[in-house]
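To start, the structure under review is shown below, and the notes come after it.
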2 protein chains.
Amino acid sequence: MKSEKITSPGPPRRWYEDACAAAHALDLLGERWALLVMRELIFGPRRFSELRASLPGISANVLTQRLAGLEAAGVVARRRLPPPASAQVYALTEWGMESEPIFQALGRWAARSPLHDPTLPFSAASLLLSLRTMLDAGRAGELAARIGFRLGEERYLTRLEAGQIAIAAGPVEGADLVLDGAPAVIAAAIYGGQPLEALEAAGALRVEGDRALAARFLTLFPLPPKAGLEKG
Amino acid sequence: MKSEKITSPGPPRRWYEDACAAAHALDLLGERWALLVMRELIFGPRRFSELRASLPGISANVLTQRLAGLEAAGVVARRRLPPPASAQVYALTEWGMESEPIFQALGRWAARSPLHDPTLPFSAASLLLSLRTMLDAGRAGELAARIGFRLGEERYLTRLEAGQIAIAAGPVEGADLVLDGAPAVIAAAIYGGQPLEALEAAGALRVEGDRALAARFLTLFPLPPKAGLEKG
DNA sequence: CTGTATCCGTGTTGATACTG
DNA sequence: CAGTATCAACACGGATACAG
């Protein structure tokens, strides 16, 4: 008789057979799109369609698979919203939230890449995450401020204090400064050296509140030098 | 006529169309095996066959592809050894070396995984990397020591000082303490709480030099608590 | 011996269309 | 809106054959 094809009882997915914890992290999060899905969840729960919209190029079935995989890994939890809105949302678990240093390490490293193209689409979560990643605590010094962001439909209130940035989704009321524009535009001001005035004149950005604070804020996020190519 | 299949002039690989630096890092390093190849190079150049041996499961053609991709990304450089040994080695570039925080973030995060299996094969690089990742600077205090490792054929001399560990491949002469055994055995002592005496009695480990230092050293690498499962 | 190229079976990914 | 079904293209991993 022919030998039956055994759907191996162990790992249905492909695992690295490696005790290294970093390799295990890649077992859990290393599939294509998985980390980007997590990135979009890091400032709060999101609906399926919101995730799809902020991840240009992901297809519905892959997003379904990734969410299921991340849920099985204990990284994402599915929540049903209270009765009024009967929609479902996906949220990071507490442990999932602790993945933020992974994004910071990846982002800090890739900021030196000669191939990095900052003109591609830029999600709100990416921008906020990049602020926390690239903030130069030395330059921030003792500066303390509440800075709000209006990014499309999304609202975030950030608190800069003691060289750190706390970020919360929600209304920007009471902020000392509010920046209103597409994530890519705000990134152009912070990382691309585009003058605020030019962006405002072009109608791409609105600055409300303390303009001196805005000018100072933009200087707090220096980029590292690009890596040079090395001879073989 | 039929439309020709265009092998796109740019990168034939799949990119995330995303300006986020972390996403770009995944463009460069996110393919299967890529980060594990880099991990094996982080303490020094390696030959093709050495890489293959320390990466159980990788196939020759995939390793070739990854090395080529990492070279194109500017992360790995190919070097030809001086005449006597006419072999080729692969080494991380300076920028490639700066990826270590990525491994630390991944490893620190995955150490909390309930699914992590520490009994799988464990490479020398993984062990050394884990020491730098998990060292508790507070517990190390002002302890300073030179600790050598004999891991199969490989030799490493580490210097513990000021709550940090420097690691260099090379002879262990002059170390205050030398641990000689398979990486998995040393990991069992450090992370698994296996008593040194038992491992020595079993012939799996040799301890040379300052035994009191050995006992103290083993306590410097506490593991975080496992993440609990969260209700949906 | 070291490293690369090619073929092939299989599983994963991604685009479109479709259903509850 | 939230996914599932289907299918084509590609990536992975194993074997083998080839080049220096």
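Below, chain A is the first sequence line, B the second, and so on; all start at residue 1.
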Looking at every strand, decide which applies to A/Ser49 at a 4.0 Å heavy-atom threshold: base, sugar-phosphate, or nothing. sugar-phosphate

Quick one: A/Arg79 CZ to D/dA2 C1', roughly how many Å, whole number? 19 Å

What is the distance from CG of A/Leu67 to C1' of D/dA2, rounded to the nearest Å? 11 Å

Phosphate contact (C/dT4 OP1 or OP2) by B/Gln65 side-chain N/O below 4.0 Å: no

Roughly, in whole Å, what's the span from CZ in B/Arg46 to C1' in C/dG3? 18 Å

Starting at OH of A/Tyr16 and ending at C1' of D/dG13, how long is that distance when rounded to a whole Å? 13 Å

By side chain to side chain contact (heavy atoms under 4.5 Å, CB included), A/Ala60 pairs with (sequence neighbours left out) A/Phe48, A/Arg52

With A/Arg150 as the cation and A/Tyr156 as the aromatic partner, state whether NZ or CZ is under 6.0 Å from the six-membered ring centre and within 45° of the axis. no

Please give, in whole Å, the distance from D/dC1 C1' to A/Glu50 CD? 11 Å

Assess whether a salt bridge exists between A/Glu31 and B/Arg32, defined as any Lys/Arg side-chain N lying under 4.0 Å from an Asp/Glu carboxylate O. no

Distance, rounded to the nearest Å, where B/Gln88 contributes CD and C/dC1 contributes P: 18 Å

Measuring from B/Ile186:CD1 to B/Asp180:CG, what's the distance to the nearest 0.5 Å? 7.5 Å

If the threshold is 4.0 Å, N to carboxylate O, is there a salt bridge linking A/Arg46 and A/Glu154? yes

Does a salt bridge link A/Arg146 with A/Glu173, judged by any charged N lying under 4.0 Å from a carboxylate O? no

Closest heavy-atom pair and its distance - A/Ala111, A/Lys226: O-NZ, 3.2 Å

Would you work out how much the helix from C/dC1-D/dG20 to C/dG20-D/dC1 bends between its ends, with each end axis defined by five base pairs, to 10 degrees? 30°

Shortest side-chain distance from B/Arg47, nucleotide among D/dA2, C/dT13, C/dG3: C/dG3

For residues B/Pro224 and B/Arg112, report the shortest heavy-atom separation together with the two atoms involved. CG-CG, 3.6 Å

Rounding to an integer number of Å, can you tell me how far B/Leu63 CG sits from C/dT2 P? 14 Å

CZ of B/Phe48 versus C1' of D/dA19: gap in Å, rounded? 14 Å

Check A/Glu71 with A/Arg78, please: is the shortest side-chain N to carboxylate O separation under 4.0 Å? yes

Nucleotide N/O to protein N/O under 3.5 Å, stretch nucleotides 14-20 of chain C:
residue	atom	partner	partner atom	Å
C/dG14	OP1	A/Arg32	NE	2.3
C/dG14	OP1	A/Arg32	NH2	3.4
C/dG14	OP2	A/Trp33	NE1	2.9
C/dG14	N7	A/Asn61	ND2	3.4
C/dA15	OP2	A/Gly57	O	3.2
C/dA15	N6	A/Asn61	ND2	2.2

